[in-house]
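Only one structure is covered here, and it is reproduced in the block below.
Not measured: the values here are computed from a predicted model.
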Amino acid sequence: MRLPPCHFSIAAFAAAAGGTIVTDNAAVAANETVDFVVVGAGLAGLTLASKLSGQGHAVLLIEAGPDGSWNSAVSDAEDRPYPAVFCNWNYPLYDDAGKKLNSTIDAGACIGGSTSINGMVWYRPTRAEIDKLETLGNPGWNWDNLEPYMKAIERNILPTDVQVAQGAGVDPEVHGYHGQVNTSFPTPMRIPKAVQIYKDGLPLVFSALEIGNDLSNRTSVVSASTSWTIWYDPVTGRNRRCSAADAFLWAQDQQRESLTVLANHTVTKVTFDKDLKATGVLFAGSLAKGKGPVYTVKARKSVILAAGTLATSPILERSGIGKASVLSAARIKQLVDLPGVGANLNDQAGSSTSALMSKKHQNDTSMADGRNLFGPEISLVSINELWATSASSVAESLASPANLASRAEALVNAGAAVTIAGAEKVLNATIQLIVDSRRKFHLSVYTSTKSN
């Protein structure tokens with residue numbers, strides 16, 4: 001049996017053993033100089049810090065949140081409340097008119113970022129979706145270049161015969177087996193009888209839906225039981241989360257003398273020289289809430305901002321990079337006019353299906369088990385299934401030049417895009433996936449079972 005790497009780490013032990021230092025003591029970084037300063041210890045930041053320090057570069061990784069590895073809500077795959085209470089920034093949400101809404105946006109607020117609180121579902125995008133990234137001005141961001149990395153990062157633990165009999169499916173050709181991120185099906189499997197009912201019933205709702213063996217290998221609308229970023233710990237008998245921190249920080253084979261992680265500290269701004277080259281950052285204790293000392297650290301080579309979709313833009317703006325009107329309102333001197341900072345946010349659409357279950361089955365754990373593992377059956381459907389009788393008219397409306405121009409103008413007016421031309425380019429890319437490649441653009445539909 002292939003076991004995942006141990007992910008327990010104590011700063012003092014790591015330092016003594018010549019491994020990565022993880023601490024919330026600013027003294028390790030204040031007035032120091034390193035090769036790279038990476039801001040944000042989420043998926044991107046941890047991956048970059050691991051790769052750069054693995055090449056021998058001196059790296060400082062600064063995270064605004066704490067080390068949450070001690071909390072079972074992070075480490076135990078089935079002990080996570082939803083929405084997450086611990087390790088969640090709970091960013092406020094506003095409508096286009098600036099009115100605060102009752103809901104919030106979840107975002108990971110500890111080492112590991114959102115991979116410490118997400119639903120842990122693991123499957124790939126399609127070739128068409130990845131190749132669209134390159135058409136939006138990202139040379140080299142295409143399927144042929146990126147697909148090998150998808151395999152390289154994964155350590156898939158193949159399902160057992162029992163798991164397969166209970167609904168697990170896998171195509172061995174679309175997974176990796178020697179990477180850092182553990183992926184597997186839960187032990188035991190969740191609600192196998194209900195999953196089979198969904199597999200039988202969903203094609204009756206979505207006529208073109210096929211029951212597949214792996215969501216990572218699809219050329220049509222498909223439903224399947226997908227794997228999670230988890231692994232079964234035979235010592236505790238629990239399914240454990242494999243976050244970015246588990247994969248790239250706590251693992252024994254990822255220990256780096258050249259990597260220091262400073263938790264509970266917020267980067268207030270990036271510093272620049274006269275040629276506007278980033279020279280380092282200013283940072284302060286997160287718990288001080290702006291009332292504590294501010295420290296400086298310098299970077300010989302580069303400063304990399306990886307603080308997430310919603311936290312990276314404010315760092316740029318506090319540093320003088322952004323839209324003139326936004327910086328002026330905050331009384332920040334503009335260094336670089338970059339009006340796209342904070343704009344162009346795209347979210348992922350998703351929905352859910354559920355089935356009511358009669359009381360005579362409420363104690364049947366193969367139908368409803370009360371376990372907290374997300375989406376035991378996931379369907380990826382297109383507009384043909386969502387609007388079975390009107391898909392053509394929906395597609396025509398989406399592709400209409402007049403409607404495209406109107407939506408682009410609305411995005412600019414709401415501050416969600418900078419230019420109409422830019423908004424139209426992003427919208428067109430999405431519309432082409434929906435309309436021209438209907439079988440490759442999907443809305444995620446997650447299933448659940450409730451007693452009645």
Do Asn264 and Ser286 pair up side chain to side chain, a donor and an acceptor below 3.5 Å, judged on atom types alone? no

Should we count CH2 of Trp141 as having more than 12 external heavy atoms under 6.0 Å? no

May I ask you to check whether Asp246 and Ser243 show a side-chain donor-acceptor distance below 3.5 Å? yes

Beyond-backbone contact of Thr135 with Asp131, side-chain heavy atoms, under 4.5 angstrom: no

Asp171 versus Asn213, side-chain donor and acceptor atoms under 3.5 Å: no

Looking at Gln166, Gln196, Glu377, which one forms a side-chain hydrogen bond (donor to acceptor under 3.5 Å, both in side chains) with Ser225? Glu377

Any residue meeting disulfide (SG to SG under 2.5 Å) with Cys242, in chain and number order, not counting sequence neighbours: none

Euclidean distance, Met357 CE relative to Ile197 CD1, rounded to 0.5 Å: 9.0 Å

For atom CG of Asp161, is the number of surrounding heavy atoms from other residues, nucleotides or ligands below 6.0 Å larger than 12? no

Only one of Leu215, Thr226, Val221 forms a side-chain contact (heavy atoms from CB on, under 4.5 Å) with Leu380, so which one is it? Leu215

Residue pairs, two or more places apart or on separate chains, that pass ring-ring contact (aromatic ring centres under 6.0 Å, His included) and touch residues 150-176: none

Do NZ/NE/NH1/NH2 and the carboxylate oxygens of Arg190 and Asp369 come within less than 4.0 Å? yes

